[in-house]
Participant: 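Sharing a structure, written as structure tokens. Questions coming.
Chain A is the first sequence line, chain B the second, and so forth, proteins listed ahead of strands; every chain is numbered from 1.
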Amino acid sequence: MHVPDGFIDAPTSLAAGAVAVMGVGLCLRGARRELNERTAPLAGLVAAFVFAAQMLNFPVASGTSGHLLGGVLAAILVGPFTGALAVTTVLLVQALLFADGGLTALGVNIVTMAFVTVAFGYPFFRLLAWAMPRRRDLLPVAAAVAALVSVPVASLVFVGFYSVGGTVDLSVSSVAAAMVGVHLFIGIGEAVITGLTVASVITVRPDLVYGARGLLPRAQLELRIPTPSTAASGGQP
Amino acid sequence: MSGGHGHRLYTPGSSYLHRLPAHTKILAALVWVLAVVATPREAYWAFGCYALLLGGAARTGGIRIRTVVRHTVVEAPFVLFAVLLPFLVGGETVVVLGVELSRGGLSDAWNILAKATLGVWTSILLAATTSPQAVIGGLQRLRLPHLIVEMLAFMVRYADVVAHDLDRMRIARESRGFQARGPRHWRVLAQSAGALFIRSYERGERVHLAMLSRGYSGRLPLAGAAPATARQWSVAVTLPAIGVAVSALAWVAAR
């Protein structure tokens, strides 16, 4: 759900835009470290992936459905800087090509959905994963918890923008309660989807999961020579 | 929650608005929306002016009002929020059709609805008259970091490819009798998302290798938008200039 124009006043929107510009600068330097000269094509494709994954509808009950936001997922899969850049790119495309999210609110949207989600979610994920036993099946749990917490935290930062430049005469505490309440609910969905997706990638290509680097034991090469009995029963058709 | 976003807004055409260089349009739209957002809410006439001016711009661009209205649904969640405001905000109340509503809440709802709607219309107009490639070229001319422009270019180039990948997975799931009905089926959908990530990442690697073999050295030679003539600039700044003037006038009148 992107913030439209007119929800946050003009000076605060401009300030958020300035923060977003600085954040993008920081991420650009970081992303070059994560991906070196492969940055543009890979990060572009990751952005396309986030964009497409948001189209995947997860049915909840009786006709309602939710979809992935993807900030924490992207950060865990490709690294925090590239992940934040990918989400920023998605938000830019949505605002400029799909009229989704106000042009003046672009700064607020980028700061909350791309930067806060990743800047909070990724370190939290690493901390959890570092504290847990080093097991492949526990990393998705850490990813889910990080996603669960990062969504309400991002909504709290939005409340921060609102308290500075909100255009509605509602008390900050009631807006904070409503926002965090709703986003806790959204966060649960985000957590389940993020956890399950990380689990499915880790099963197939653990080497691709940036957030798992240095946390998983190296897989040993294992030779499985079929014995005549197994070859007879389960061979190629 | 905005479900899918598969519908492209760009409608090809050759109107003056279409032919205006993208960077002038992006900058004009940004200044215009800022002027709208900065307008004091009591200046109802100003918002009327904005709507009329946008209508005129849509006419110049050959964009049908129906298209604009149809795409305004992206702001639906916030309309819902705005409709609730007169009931949520406290303070002085007025009775409308036998229902007690907060005066402040009504004013807040009007403020959000008017500005958000004008903002969405502006974005729709920009997106409808500027092709994705032109938007990217325009952003490059606006001095966006080259890496961001390259990422945007790759994303726009491959968004449909990746979306079609996802669609093929859906067809594969459904042809095996799968239909997602509730959270019980999320695992399968998430596996699709995981598979989509692996395919996208590997596609990125292949694209990179293909580019290396064609002499890529870390910087994509993007053409960028053609420079704007002084005449085109003067046309492009007309709308935001009027917007800023109206906004300033509204401020003076509100004092």
Side-chain angles (χ1 to χ4, degrees), chain A residues 1-2 4-7 9-10 13 24-25 28 31 37-49 51-61 65-68 77 85 89-90 92-100 102-104 167-170 192-193 196-197 200-201 204-205 208, chain B residues 1-5 9 29-30 33-34 37-38 71 74-75 77-78 85 88-89 104 108 111-112 115-116 119-120 123-124 127 132 135 145 147-148 150-152 154-156 158-159 162-163 166 180-183 186-187 189-191 193-194 196-198 200-201 203-204 207-208 211 218 220:
Chain A
M1 223 156 35
H2 304 349
D5 294 303
F7 205 82
D9 67 12
S13 302
V24 166
L28 284 172
E37 94 289 346
R38 302 179 305 157
T39 305
L42 276 177
L45 261 298
V46 171
F49 157 72
F51 183 75
Q54 288 182 350
M55 289 197 260
L56 200 56
N57 271 320
F58 286 77
V60 180
S65 65
H67 69 85
L68 190 73
L77 291 179
L85 274 187
T89 311
V90 170
L92 270 173
V93 165
Q94 283 169 342
L96 288 170
L97 302 182
F98 293 90
D100 198 0
L103 289 177
T104 58
T167 58
V168 180
D169 189 21
L170 282 174
V192 176
I193 306 173
L196 288 173
T197 308
S200 81
V201 178
V204 188
R205 288 285 304 267
L208 281 193
Chain B
M1 260 164 259
S2 53
H5 31 218
L9 279 174
L30 203 60
V33 183
L34 268 176
V37 170
H71 286 291
V74 284
E75 61 164 359
F78 282 85
L85 275 179
L88 296 175
V89 177
D108 290 338
N111 183 50
I112 288 187
K115 290 176 181 175
V120 171
S123 301
I124 292 172
V135 169
L147 194 57
I148 286 274
E150 271 188 50
M151 283 178 61
L152 276 166
F154 276 109
M155 183 197 156
V156 168
Y158 286 99
V162 174
L166 190 65
R181 261 179 250 100
W186 282 18
R187 177 180 294 277
L189 295 173
Q191 275 165 354
L196 188 70
F197 167 73
I198 295 171
S200 306
Y201 195 91
R203 190 186 296 278
V207 168
H208 176 241
M211 281 168 25
L220 203 63

Participant: Shorter than 4.5 Å, heavy atoms on both sides: which option in A:L56, A:I193, A:D9 has the most such pairs with chain B?
Facilitator: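 Most heavy-atom pairs under 4.5 Å with chain B: A:L56.
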Participant: Checking heavy atoms, do the side chain of B:I124, its backbone, both or neither come under 4.5 Å from chain A?
Facilitator: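 Both backbone and side chain of B:I124 come within 4.5 Å of chain A.
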Participant: Using ring pair (Phe, Tyr, Trp, His ring centres under 6.0 Å) as the criterion, list what pairs up with B:F197, not counting sequence neighbours.
Facilitator: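 Here the qualifying residues are A:F49, B:Y201.
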Participant: Against chain B, work out which of A:V192, A:V46, A:L77 has the most heavy-atom pairs shorter than 4.5 Å and name it.
Facilitator: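 Counting heavy-atom pairs under 4.5 Å, the top option is A:L77.
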Participant: For a quick test of reading the model, state the closest non-hydrogen atom pair linking A:V60 to B:W186 and the distance between them.
Facilitator: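 For A:V60 and B:W186, the tightest heavy-atom pair comes out as CG2-CZ2, 4.1 Å.
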Participant: Any donor and acceptor pair, going by atom type alone, linking the side chain of B:K115 with main-chain N or O of B:V37 inside 3.5 Å?
Facilitator: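 Flag set: sc B:K115 to bb B:V37 pair under 3.5 Å.
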Participant: Relative to chain A, which of B:L147, B:I148, B:V156, B:L85 shows the most heavy atom pairs under 4.5 Å?
Facilitator: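 Maximum pair count with chain A is reached by B:L147.
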Participant: CG/B:L152 to CG/A:L96 distance, rounded to the nearest 0.5 angstrom?
Facilitator: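 The CG atom of B:L152 sits 8.0 Å away from the CG atom of A:L96.
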Participant: So with a 6.0 Å cut-off around CZ of B:R187, is the heavy-atom count from everything else above 12?
Facilitator: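 It does not: B:R187 CZ has 12 such atoms or fewer within range.
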Participant: So which residue, A:G6, A:A47, A:P41, A:A10, ends up with the most heavy-atom pairs under 4.5 Å with chain B?
Facilitator: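 Looking at each option in turn, the highest pair count goes to A:P41.
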Participant: Tell me, side chain or backbone of A:A95 under 4.5 Å from chain B's heavy atoms, or both, or neither?
Facilitator: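 Contact with chain B involves the backbone of A:A95 alone.
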Participant: When heavy-atom pairs shorter than 4.5 Å are enumerated against chain A, which of B:N111, B:V207, B:L196 gives the highest number?
Facilitator: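 Option with the top pair count is B:L196.
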Participant: Taking atom CG of A:L196 and atom OG of A:S200, what is their separation to the nearest 0.5 Å?
Facilitator: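 These two atoms lie 8.0 Å from each other.
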Participant: Name the option with the most non-hydrogen atom pairs under 4.5 Å to chain B; the candidates are A:A48, A:P59, A:A40.
Facilitator: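 Counting heavy-atom pairs under 4.5 Å, the top option is A:P59.
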Participant: Apply side chain to side chain contact (heavy atoms under 4.5 Å, CB included) to residues A:L97 and B:L9 and explain how you reach the verdict.
Facilitator: CA-CA 7 Å; A:L97 302 182; B:L9 279 174; over 6 Å; no
Participant: What residue, out of A:V168, A:V201, A:L92, has the most heavy-atom pairs lying under 4.5 Å from chain B?
Facilitator: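 That would be A:V168.
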Participant: Against chain A, label B:V135 side chain, backbone, both or neither, depending on which of its atoms sit under 4.5 Å from a heavy atom there.
Facilitator: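 Only the side chain of B:V135 comes within 4.5 Å of chain A.
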Participant: So do A:F98 and B:H71 actually touch side chain to side chain, heavy atoms under 4.5 Å?
Facilitator: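 No. Closest side-chain heavy atoms not under 4.5 Å.
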Participant: So what's closer than 4.5 Å to chain A heavy atoms on B:L34: side chain, backbone, both or neither?
Facilitator: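 Interface part for B:L34: both.
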